[in-house]
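Reading through the structure tokens given below for one structure.
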Amino acid sequence: MECVVQGIIETQYVEALEILLEGLCGVHKERLRIHELCLKTAPNLGVVASEVRLLCDLEQPEPAWTVRHIGGAMRGAGADQISVLVRTMVESKASKTVLRLFYALGYKLDHELLKVGFSFCFNRGAQITITVASINKMLKLHATDEAVPVTPGIQLVEVTAPASSENYSEVVAAMTSFCEYLAPLLHLSKPGVSTGVVPTVAAAAASLMSDGGHTTL
């Protein structure tokens, strides 16, 4: 399982967010340049349509491929009362021929994106990963060098952590506690719930930039 929240931040405040994350996480950032391909099958003769995502890490000396399948979200009264989305997720490393394999299995390319930014990964009650990236679309098939921003001036922030049916409540608590530190700069919520830009972001960013992130927020 996976716990996840998302938010948006204007590009002009990303440097301040990076300073804050460096102080909170205590680790160095990792550069992010991910080519993501979304593949789908059409429903056929009673077979349920399927969707997988192929992720190619372009920051590696040799492009590294990952297959990811995101399942349904946890439902029920307990799920509705928490601000974190808990969903099933299966992920596996793959060889560079993986795209050819899924085409042979009947999948078709639905869309592709290029995510460019950075990430922090650390452990604080859970193995938490924070990614901050601009989302870009390709003007031509697989032309990552010609990608252009989907929403210029806006970057996506995503916080994720692996979980299981036995410990997801502890992971949710750890993520919620961590996200409170980011509240002056952005609001994080379940994917698909748009909350916009936080009104306090300009003042908080100015404070962080002036003292290098030592201000207690």
- Going by heavy atoms in the side chains, are Val98 and Val67 under 4.5 Å from each other? yes
- List the atom of Ile8, the atom of Leu186, and the distance in Å for their closest heavy-atom pair. O-CB, 3.8 Å
- Query: For residues Ser134 and Asn136, is any side-chain donor paired with an opposing acceptor at under 3.5 Å?
  - Reply: yes
- Between the CD1 atom in Ile130 and the SG atom in Cys25, the distance rounded to the nearest 0.5 Å is 4.0 Å
- Message: Please check: side-chain N/O of Ser207 versus main-chain N/O of Ala204, any donor-acceptor pairing under 3.5 Å?
- Response: no
- CD of Glu146 to CG of Leu141, rounded to nearest 0.5 Å, is 11.5 Å
- Message: Any salt bridge linking Arg68 with Glu91? Criterion: basic side-chain nitrogen under 4.0 Å from a carboxylate oxygen.
- Response: yes
- Message: What's the separation between atom CD1 in Ile128 and atom OG in Ser177, rounded to the nearest 0.5 Å?
- Response: 8.5 Å
- Task: Answer with yes or no whether the hydrophobic clustering places Val90 together with Leu105; edges join I, L, V, M, F, W, Y residues whose side-chain heavy atoms lie under 4.5 Å apart.
- Result: no
- May I ask you to test the Lys115-Leu58 pair for a side-chain heavy-atom distance under 4.5 Å? no
- Pair Glu51 + Lys40, salt bridge at N-O below 4.0 Å: yes
- Message: Does any part of the side chain of Thr129, heavy atoms only, come nearer than 4.5 Å to the side chain of Phe122, both counted from C-beta?
- Response: no
- List the steps and the verdict of side-chain contact (heavy atoms from CB on, under 4.5 Å) for Leu139 and Val148. CA-CA 8 Å; Leu139 300 177; Val148 296; 3.9 Å; yes
- Please walk me through it: do Ser189 and Gln6 pass side-chain contact (heavy atoms from CB on, under 4.5 Å)? CA-CA 5 Å; Ser189 58; Gln6 293 178 342; over 6 Å; no
- Message: Classify the ring geometry of Phe102 against Tyr107: parallel below 30°, tilted from 30° to 60°, perpendicular beyond 60°.
- Response: perpendicular
- Query: Can any side-chain N or O of Lys190 pair as donor or acceptor with the backbone N or O of Val4 at less than 3.5 Å?
  - Reply: no
- From Ser119 atom OG to Glu30 atom CD, the distance as rounded to the nearest 0.5 Å: 5.0 Å
- Query: Leu20 versus Leu182: any side-chain heavy-atom pair under 4.5 Å?
  - Reply: yes
- Kindly give the heavy-atom pair with the smallest separation between Ala163 and Val171, and that separation in Å. CB-CG2, 4.0 Å
- Indicate, with yes or no, if Leu208 and Val27 share a hydrophobic cluster defined by side-chain heavy-atom contacts under 4.5 Å among Ile, Leu, Val, Met, Phe, Trp and Tyr. yes
- Note on the structure: Closest non-hydrogen contact found for Ala133 with Leu32 is CB-CD2, 4.0 Å
- Message: Does Glu59, at its CD atom, have more than 12 non-hydrogen atoms belonging to other residues, nucleotides or ligands within less than 6.0 Å?
- Response: yes
- Item | Side-chain (Thr41) to main-chain (Ser50) donor-acceptor, under 3.5 angstrom | yes
- Query: Val197, Tyr181: one ILVMFWY side-chain cluster at the under-4.5 Å cut-off?
  - Reply: yes
- Under 3.5 Å, side chain of Thr176 to main-chain N/O of Val172, donor-acceptor pair present? yes
- Looking only at heavy atoms, what is the nearest atom pair of Phe120 and Glu22, with distance? CZ-CG, 3.6 Å
- Task: Keeping the roles fixed (side chain from Thr160, backbone from Cys3), state whether a donor-acceptor pair exists under 3.5 Å.
- Result: no
- Task: Would you check if the side chain of Arg124 reaches a backbone N or O of Leu24 as a donor-acceptor pair within less than 3.5 Å?
- Result: yes
- Do the numbers put Lys29 on top of the ring of Phe118, so that NZ or CZ is under 6.0 Å from the six-membered ring centre and no more than 45° off the axis? yes
- Please determine, by modelled atom types, if Glu10 and Gln12 share a side-chain donor-acceptor pair under 3.5 angstrom. yes
- Working to the nearest 0.5 Å, report the span between CD1 of Ile19 and OH of Tyr13. 14.0 Å
- Message: Nearest 0.5 Å, please: how far is NE2 in His187 from OG in Ser83?
- Response: 7.5 Å
- Message: Could you tell me if the side chain of Glu158 sits less than 4.5 Å from the side chain of Val5, heavy atoms only?
- Response: no
- Task: Return the minimal non-hydrogen interatomic distance between Leu185 and Leu17, and the atom names on each side.
- Result: CD1-CA, 3.6 Å
- Query: Honestly curious: do Leu113 and Val52 fall in one hydrophobic cluster under the side-chain, below-4.5 Å linking rule?
  - Reply: no
- Has the side chain of Asp57 got a donor or acceptor atom that lies under 3.5 Å from a matching backbone atom of Pro63? no
- Can you find a pair of side-chain heavy atoms, one from Leu37 and one from His142, that are under 4.5 Å apart? yes
- Task: For the residue pair Leu39 and Arg53, establish whether any side-chain heavy-atom pair is separated by less than 4.5 Å.
- Result: no
- Task: Identify whether Leu114 and Val14 are in the same connected component of the hydrophobic contact network (ILVMFWY, side-chain heavy atoms under 4.5 Å).
- Result: no
- Query: Looking at side-chain heavy atoms only, is the closest gap between Trp65 and Leu54 below 4.5 Å?
  - Reply: yes
- Message: Give me the atom names and distance for the closest heavy-atom approach of Glu112 to Met138.
- Response: CG-CE, 3.7 Å
- Under the salt bridge (charged side-chain N to carboxylate O under 4.0 Å, His left out) test, which residues partner Arg87, sequence neighbours left out? Glu2
